Structures are given as C-alpha cells and as structure tokens.
Amino acid sequence: MDSRPKILLVDDNAINIRVAAKILRSHNYNISFAQTGAVAIEKAQFIDFDLILLDIMMPEMDGYEVCERLKTDPSTQKVPIIFLTAKTESENVVKAFELGGADYVTKPFNGRELISRVETQIKLKRSLEALELANIKLQEANDTKDKMFSIISHDLLGPFGSIRESLEMIANEEIVMDNSNMQSFIKAMLNSIGSAYSLLENLLYWARNQQGRMVYQPKIISLNSIIHDTCNLLAGVAKNKSIILKTNLIEQYNVFADKNALKTILRNLVSNAIKFSSPGGIITIKARRYEKGFLVVSVKDSGIGMDKNTLENLFTGFKSDPRWGTKGEKGVGLGLVITKEFIEKHGGTLWVESEEGKGSVFNFTLPENEN
C-alpha cells in the first residue's frame with residue numbers, strides 16, 4: 001500500500017502540471033492530475049486526496065467553481081485546496097479564501113515555496129484529523145463512563161440495597177418466616193447476588209480490557225473441560241428455571257486460547273441462553289472442526305429468539321433499553337460486548353442465528369493451534 005501523501009494537480013496547461021509534478025515527486029509525493037474541473041471533481045470523489053492544487057483560470061469551469069463544488073460535497077469538503085494563479089490581484093486571492101481555499105501559490109512556481117506551502121497544509125490536515133479522532137474517542141469514553149456509572153448505580157446498587165434491607169428485616173425479626181418461605185427467600189437472594197456478581201465481574205473484565213491491562217496468556221487447553229466446567233457452574237441456575245443443559249461433544253477438542261477468557265466467553269453465552277429460555281427449555285453446546293485450523297463452538301437455545309432490529313444492534317454496547325429474560329432477568333448487553341471482544345482477541349469470529357419465538361444459536365470460532 002502506497003503511504004505517500006496523495007496530491008491532485010488541476011491545471012489545463014500540461015506544462016504547468018509537468019513542472020509542479022516534477023517538484024512534488026522529488027519530495028516523495030504521490031501525484032494525480034486533471035486538466036478540467038469536471039475530471040478533477042470526479043477523481044476527488046473516488047480518491048482520498050491529502051491536498052488539491054487548483055488552477056484558477058481554466059476554460060468551461062474555473063477553479064472558483066471547482067472549489068465551491070468540492071467544499072459543498074461532504075466527501076471532499078475537508079481536503080485542503082491551494083490555488084494556483086498567475087495573478088496576484090487582491091480580489092482574486094480574497095475570493096479564493098472566501099470559497100474555502102487554504103492557501104495560494106503564484107506561477108511560475110518557486111520550488112521551495114511550493115513544497116513549504118504543500119507540507120504545511122498536509123501537516124495541518126493530518127493534525128486536524130488526529131484531533132477529530134481524539135475527540136470522537138473522548139466522547140465515546142465519556143458516554144461509556146456515564147453508562148458504567150448508570151449500571152453501577154441501578155443494576156448493582158439496586159439489587160444489593162434490596163438484599164440488605166431484606167436481610168436487616170429478618171435480622172431485626174421484623175418479619176417471621178417458616179422453613180419453606182425461608183428456603184424460597186434464600187434462593188431468591190442467591191439468584192440476585194449471582195446476577196449482580198456476574199455483572200460486576202463483566203464490568204471489571206471489560207474495564208481492564210479497555211485499558212489494555214487484561215492479562216492474555218493463550219496456550220493449548222481442553223475445550224471439552226472448559227465446556228463441562230461451565231455447565232457445572234450454571235447447573236443450579238438452569239435447574240431453578242427447569243432448563244436442561246446438554247453437551248454434544250463427539251470427540252476431544254483442544255484450542256489455543258486464554259483459559260480465563262474462554263471461561264468468560266462460555267459463561268456469558270450460556271447464561272444468556274438461560275436468561276432468554278422459558279422453563280422446560282433445552283440448551284445444547286456443540287463443537288466441531290470448522291476450517292483452516294479453527295473449531296466452531298455453538299450454544300443453541302429454544303428460547304424467545306430475536307427480531308431483526310435486536311439482531312442488528314446486538315453488539316453495539318451497553319443497552320439503555322435492556323431486554324428482559326423470561327423470568328424478569330435484566331440484561332444491559334455488556335456480557336455480549338465482552339464476549340465479542342474476547343473472541344476477536346483470539347482471532348475468532350462471533351455470529352448469531354435467531355428467529356423470534358424460535359430460539360437462537362450463538363456460534364464462535366477459536367484456533368486449534370498457535371498460528
């Protein structure tokens with residue numbers, strides 16, 4: 001890929017183009033040219049130029065009109081334009097700036113002046129692009145911070161506050177329960193604490209990953225073992241909803257992965273399947289060889305499924321309008337965001353097949369060996 005700055009030379013005079021191109025190429029610029037305004041506009045729409053050198057006096061369409069059209073087109077309006085003119089009358093220069101020109105160079109060219117002005121505008125353009133990107137990232141970081149605080153205040157403090165109040169009432173003997181009611185209460189508390197704990201764990205994983213502090217140590221590990229451990233971990237949650245967890249592993253599979261990250265991936269996907277499955281549902285985890293040294297793992301449920309809009313926005317980040325599970329379990333979408341990031345960190349891919357009312361299948365790939 002050619003990384004040299006791309007410059008478009010626009011002049012109806014071939015001699016002027018050759019002179020300017022020779023000067024610019026000697027300083028390692030990638031040069032394109034056009035001898036009419038129409039051709040210049042067409043090229044600018046298909047090539048991402050770093051700078052346009054534009055002659056003012058041209059037949060059919062002069063440089064002023066070309067500049068005006070480029071500056072009104074969102075795809076080209078940020079490309080700096082240096083006007084080329086043989087005239088130095090103040091009205092020509094003023095009009096060039098009024099139309100959005102960044103600078104001007106007089107003909108015949110002075111090589112040092114031309115290079116100096118070109119370098120200045122390209123550096124300025126790249127600085128502005130870097131600043132714009134930094135502003136976008138800053139805004140995204142601020143949005144994420146606000147959403148994280150919202151999750152902590154509502155989705156974590158809320159459940160813990162309710163649990164504390166309930167336990168205080170029992171401890172102070174404000175309410176009296178028989179053994180059966182006490183058992184139901186304890187199970188409800190355990191489910192609430194488990195959900196809050198999983199959310200907090202995901203938040204910490206995600207924050208570390210965003211800051212580049214996540215320890216990632218991939219090695220050859222048993223996929224079968226991690227899948228069985230995940231099923232054992234979530235067996236109680238599934239049992240409380242009368243959901244059956246099944247595995248269909250026809251042979252021993254090994255993957256090149258970080259053990260903790262893989263546990264997080266599977267825990268999130270299976271937890272999600274339990275959340276959106278109705279009592280009596282079945283969740284099946286399968287693995288098979290895929291292609292080019294990769295395995296594909298599938299987590300299939302018989303739950304409520306998703307419509308097209310939900311599918312399209314599944315991995316867009318924290319959800320301000322969460323989906324609720326079949327027993328009122330709340331989801332903010334963080335688990336799937338982390339899952340996708342961790343899978344891609346392994347060089348794998350995550351995709352979903354789903355139909356509303358007919359369940360979902362989450363598929364992801366992992367490498368069998370170190371590449």
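If you're wondering where the values come from, they're calculated on a predicted model, not measured in any experiment.
- Taking 4.5 Å as the limit, every side-chain heavy atom of D55 sits out of range of all side-chain heavy atoms of T85.
- A donor-acceptor contact closer than 3.5 angstrom is absent between the side chains of Q45 and S75.
- Salt-bridge check for E251 with R288: failed, with every basic side-chain N at 4.0 Å or more from each acidic carboxylate O.
- In terms of modelled atom types and a separation under 3.5 Å, the side chain of D62 and the main chain of E65 share a donor-acceptor contact.
- Other residues, nucleotides and ligands contribute over 12 non-hydrogen atoms within 6.0 Å of the CZ atom of F49.
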Below 3.5 Å, can you tabulate the donor-acceptor pairs from side chains in residues 226-238 to any protein atom, sequence neighbours excluded?
residue, atom, partner, partner atom, Å
T230, OG1, I226, O, 2.8
N232, ND2, H228, O, 3.3

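- K219 has no carboxylate O lying under 4.0 Å from a charged side-chain N of D258, or vice versa, which leaves the two without a salt bridge.
- The aromatic rings of Y104 and F97 lie perpendicular to each other, with more than 60° between the two planes, well past the 30° mark.
- Side-chain atoms of K107 never come within 3.5 Å of backbone atoms of L84 as a donor-acceptor pair (strictly under, hydrogens ignored).
- Considering every non-hydrogen atom in both N16 and F109, the closest pair reads O-CE1, 3.6 Å.
- At distances below 3.5 Å, at least one donor-acceptor pair connects side-chain atoms of S271 with backbone N or O atoms of R267.
- Using a 4.5 Å heavy-atom threshold, the side chains of C67 and F83 count as touching.
- One finds a salt bridge joining K125 and E129 here, because a Lys/Arg side-chain nitrogen approaches an Asp/Glu carboxylate oxygen to under 4.0 Å.
- Side chains of N363 and E353: a donor-acceptor N/O pair is present below 3.5 angstrom, by distance only.
- The shortest side-chain heavy-atom distance between V66 and I41 falls under the 4.5 Å cut-off.
- Checked by atom type and distance alone, the side chain of T365 never pairs as donor or acceptor with a backbone atom of F294 at under 3.5 Å.
- The backbone N or O of R69 lies less than 3.5 Å from a partner atom in the side chain of T72, making a donor-acceptor pair.
- In this structure, K95 is positioned above the aromatic face of Y64, its NZ or CZ under 6.0 Å from the six-membered ring centre and within 45° of the axis.
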